[in-house]
Amino acid sequence: METVFTTNISYSGYLSEAGLPLQPLPEWAHTADTLVRYYRNMVLARQLDNKIIALQRTGQIGTYASQLGAEAIDIVLGDLMNSSDVLVPYYRNHALQMLRGLPMADMLSYWGGDERGNASVGMGEDFPNAVPIATQALHAAGVATAFKIRGEKRAAVTICGDGGTSKGDFMEALNVAGAWQLPVVFIINNNQWAISVPRSLQCGAPTLAQKAVAAGIQGEQVDGNDVIALHESISDALHRAREGKGPTLIEAISYRLSDHTTADDATRYRSNEELKAAWEREPIKRLQTFLHSRGWWDEVQETAWQNEVGQIIQQGLTEYLQRPPQPASDLIDFLYEKLPDALKEQRERLLRNAQPGGNHHE
Ligand SMILES: Cc1ncc(C[n+]2csc(CCOP(=O)(O)OP(=O)(O)O)c2C)c(N)n1
Ligand SMILES: [Mg+2]
């Protein structure tokens, strides 16, 4: 018997949980600029996330999927993707969408139940949120196919959760990306839970990254709480895609520090000990410790930035809350090119019964 194929899956990390370098850092991490920007963006993402949950609790926004614990993945992707690349996100990428141009008020509108927030001009050619699990992986493969046919140096980037990797769509997308060597980067936000299903029950393989191997794609694991490791992996993958060197699958190991959504109560299925241990690994504190140790960030800057972030959020929030609600006729208006008679009548009735001012935020 001979071995016809073997492979290895790498795992990379640069900063320990305590914010100490685990290995020599890449050149760009020897200066403050990029890392301080990452830090500031993560702090903004987290404060905004907290604020949105408070809005949901007071009935001012709908069911919301928190990003708590996944900030590093979004922030680094947002920095490294070119505006000409295309993002095909899932429902946990608010910070990334905003870094790519989605105005905060539009993002809030979407989560407030107004679909117009999901069709924002700020999104450029990026795709809207995908709620059906893993369908976006195939959309990204389609986008990447177009880039390849046109000979454009652009990358399609798509993200899904650990649970999403069990869907046929995900495997189909990997397969076509490998077969056609498409310029696409697949990111798994492996936050250890798919609602109440733990990673251990999700898949029998020791890594999710190895799913790439069956498709002829490079697959790797990276510490998803470590902005330096993420930066290295993602910039390589984007470069490879744009240069026609093929797709990459990156499994970013993170942890969902929140409930699945505001409609969930994770205390019913996961232990406090596990959550407590995960807080020790979260991405913001460790980068803050590292920045402090280099003298690149201090308490004065922290206070100033926290205040500024508060104002930025307040501005977006005010804009959102002041928006007039969607006309009730929108329920019907985009369904047909030519409206059937029965719906015409219903449309009239909807408009007649619509409350002036609406009840959007109540
Ligand atoms: C096709 C489909 N099936 C089921 C659901 C219901 N659902 C919403 S989120 C979710 C779990 C997803 O977990 P994971 O992929 O790990 O992503 P996470 O939410 O943890 O980021 C499920 C099953 C759905 N949205 N779409
Ligand atoms: Mg998950």
Side-chain angles (χ1 to χ4, degrees), residues 40-68 70-71 73-79 81-132 135-136 139-140 143 156-160 189 258 261-263 308-335 354 357-362:
R40 288 158 65 103
N41 284 338
M42 287 200 292
V43 168
L44 172 56
R46 186 162 294 181
Q47 257 206 40
L48 177 58
D49 197 77
N50 284 334
K51 185 74 192 174
I52 297 175
I53 289 169
L55 288 176
Q56 192 276 335
R57 300 294 188 233
T58 51
Q60 296 177 90
I61 219 158
T63 298
Y64 169 71
S66 164
Q67 276 205 292
L68 192 63
E71 296 90 350
I73 301 169
D74 265 34
I75 281 344
V76 173
L77 267 172
D79 219 70
M81 283 180 71
N82 289 342
S83 54
S84 57
D85 296 330
V86 165
L87 171 68
V88 190
Y90 83 136
Y91 49 79
R92 229 182 269 287
N93 295 130
H94 332 302
L96 173 52
Q97 289 179 304
M98 290 196 314
L99 281 171
R100 289 188 55 74
L102 176 69
M104 190 187 294
D106 284 351
M107 188 270 281
L108 293 170
S109 288
Y110 169 72
W111 291 97
D114 187 334
E115 273 293 331
R116 292 174 301 182
N118 212 10
S120 164
V121 287
M123 286 158 68
E125 290 181 275
D126 286 356
F127 277 42
N129 281 329
V131 172
T135 48
Q136 71 275 20
H139 303 159
V143 170
V157 175
T158 190
I159 308 158
C160 73
N189 169 16
S258 61
T261 64
T262 49
E308 203 175 324
V309 158
Q311 284 165 20
I312 295 169
I313 293 172
Q314 196 49 50
Q315 220 167 29
L317 192 58
T318 307
E319 197 185 327
Y320 159 65
L321 290 172
Q322 283 173 352
R323 282 189 177 175
Q326 223 170 347
S329 52
D330 274 14
L331 269 175
I332 292 176
D333 278 349
F334 305 105
L335 295 177
N359 59 358
H360 178 63
H361 300 308
E362 285 158 22

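Atom CG of D330 is separated from atom CD of E115 by 10.5 Å, given to the nearest 0.5 angstrom. Remark: R46 CZ to N41 CG distance equals 13.5 Å, nearest 0.5 Å. Rounding to the nearest 0.5 Å gives a distance of 10.5 Å between CG of L317 and CD of E319. The distance from atom CD1 of I52 to atom CE of M104, rounded to the nearest 0.5 Å, is 8.0 Å. Atom CG of N93 sits about 11.5 Å away from atom CG of L102, to the nearest 0.5 Å.
Within the 4.5 Å cutoff, the side chain of E125 has no heavy atoms near those of the V143 side chain. Under the 4.5 Å side-chain criterion, counting only non-hydrogen atoms from C-beta, D106 is not in contact with M123. Between Q60 and L321, the closest side-chain pair of non-hydrogen atoms falls below 4.5 Å. Taking the side chain as every heavy atom from C-beta outward, I53 and S66 approach each other to under 4.5 Å.
Taking every heavy atom of both residues into account, A105 and Y320 meet most closely at CB-N, 4.0 Å. Scanning both residues, A156 and A140, for their nearest heavy atoms gives CB-O, 3.6 Å. Shown here for T135 and A130, the closest heavy-atom pair between the two residues is OG1-CB, 4.2 Å. When all heavy atoms of S109 and G117 are compared, the pair lying nearest together is CB-CA, 4.1 Å.
Listed by chain and number, the residues in a salt bridge (charged side-chain N to carboxylate O under 4.0 Å, His left out) with D333 are R347 (sequence neighbours excluded). Considering only residues two or more places apart in sequence or on other chains, D79 meets the salt bridge (charged side-chain N to carboxylate O under 4.0 Å, His left out) condition with R37. R116 meets the salt bridge (charged side-chain N to carboxylate O under 4.0 Å, His left out) test with D114; sequence neighbours excluded. For A95, the side-chain contact (heavy atoms from CB on, under 4.5 Å) criterion is met by A45, Q67, D74, I75, not counting sequence neighbours. F127 meets the ring pair (Phe, Tyr, Trp, His ring centres under 6.0 Å) test with no other residue; sequence neighbours excluded.
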Let's go through T158 and H139 carefully: what are the C-alpha distance in whole Å and the side-chain angles of both, what is the deciding distance for side-chain contact (heavy atoms from CB on, under 4.5 Å) to 0.1 Å, and is it a yes or a no?
CA-CA 9 Å; T158 190; H139 303 159; over 6 Å; no
W111 and H94: side-chain contact (heavy atoms from CB on, under 4.5 Å), yes or no, with the steps?
CA-CA 10 Å; W111 291 97; H94 332 302; 3.3 Å; yes
Let me see the working for N189 and Y90 under side-chain contact (heavy atoms from CB on, under 4.5 Å), right down to the final yes or no.
CA-CA 10 Å; N189 169 16; Y90 83 136; 3.1 Å; yes
What's the verdict on side-chain contact (heavy atoms from CB on, under 4.5 Å) for R100 and V86, showing C-alpha distance, side-chain angles and the deciding distance?
CA-CA 10 Å; R100 289 188 55 74; V86 165; 5.6 Å; no
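Between the side chain of Q136 and the backbone N or O of I159 there is at least one donor-acceptor pair closer than 3.5 Å. Put simply, the side chain of N50 never gets that close to the backbone of Q47: no donor and acceptor are under 3.5 Å apart. Judged by distance alone, the side chain of N129 and the main-chain N or O of Y91 form no donor-acceptor pair under 3.5 Å.
The pair D49-R92 does not meet the salt-bridge criterion, since no charged nitrogen lies less than 4.0 angstrom from a carboxylate oxygen.
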Quiz: residues 309-316 side-chain donor-acceptor pairs under 3.5 angstrom, not counting sequence neighbours:
none

